[in-house]
Each structure stands twice: as structure tokens, then as C-alpha cells.
Amino acid sequence: MSPDYIKAQLILLISIVAAIAFVGCIYEISYGAPDFGFATTWTILLISVPVGVYSFVKAVSLARKSMQ
């Protein structure tokens, strides 16, 4: 395994955590009483979207690069 492949796996893990945070925030907001409050939950929601998308795209590009 190349170092780029291992790095891609770690970045993919970040993407997975961000996706779980996104879904959890949606659930908490739709429930009506978020445990961390509305401001904190919205902040986590708004941060998790770009982090998740960017880390997923970066992980895929690193994985493709390591396979060449």
C-alpha cells in the first residue's frame, strides 16, 4: 500500500464522521429540542457539509492517484 492510499483512507474517515454529524444534526433539529442548542447544532451542520464533501472528493482523488 502506498502512503497516498493510507492518507486517502484517513481522509475518507473524516468524510464519514462529517456525514454522521450532518445526519445527527438534521435529526436533532427536526426533533425540535437539540441537546447542544440550536446555535451549536446549526454550526455543526453548516461546518459538516463542506468538510464532508471536500474530504470525500480529496479521498477519492488520492485513492485514484495511488492506483496509477
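Since this is a predicted model, take the numbers as computed values, not measurements. Residue numbers count from 1 along this sequence.
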Quick check: closest heavy atoms across C25 and T41, and the distance to 0.1 Å? SG-O, 3.5 Å
Excluding sequence neighbours, so at least two apart, what forms side chain to side chain contact (heavy atoms under 4.5 Å, CB included) with I20? I16
Nearest-0.5 Å distance, CD1 of residue I29 to CD1 of residue I44: 9.5 Å
Name all residues meeting the side chain to side chain contact (heavy atoms under 4.5 Å, CB included) criterion together with L13; count only those two or more places apart in sequence or in a different chain, and write none if there are none. none
Say whether L10 and V57 are linked into one hydrophobic cluster, either directly or through other cluster members, by side-chain heavy-atom distances under 4.5 angstrom. no
For V17, the hydrophobic cluster (side chain heavy atoms closer than 4.5 Å, chained through members) also holds none
Sidechain-backbone polar pair: S15 side chain, S55 backbone, donor-acceptor under 3.5 Å: no
Between OH of Y5 and CG of L12, what distance do you get to the nearest 0.5 Å? 9.0 Å
Members other than Y27 in its cluster, when Ile, Leu, Val, Met, Phe, Trp, Tyr link by side-chain heavy atoms under 4.5 Å? none
Is the side chain of E28 donor-acceptor paired with the backbone N or O of D35 at a distance under 3.5 Å, no angle test? yes
Tell me, please, which residues at least two apart from K7 pass side chain to side chain contact (heavy atoms under 4.5 Å, CB included). D4, I11, L62
Taking only residues two or more places apart in sequence, or in another chain, which ones meet S48 in a side chain to side chain contact (heavy atoms under 4.5 Å, CB included)? A18, A21, F22
Do V51 and V23 share a hydrophobic cluster (ILVMFWY, side-chain heavy atoms under 4.5 Å, transitive)? no
Sequence neighbours excluded, which residues qualify as salt bridge (charged side-chain N to carboxylate O under 4.0 Å, His left out) partners of K58? none
Quick one: list whatever passes side-chain hydrogen bond (donor to acceptor under 3.5 Å, both in side chains) with Y54, sequence neighbours left out. none
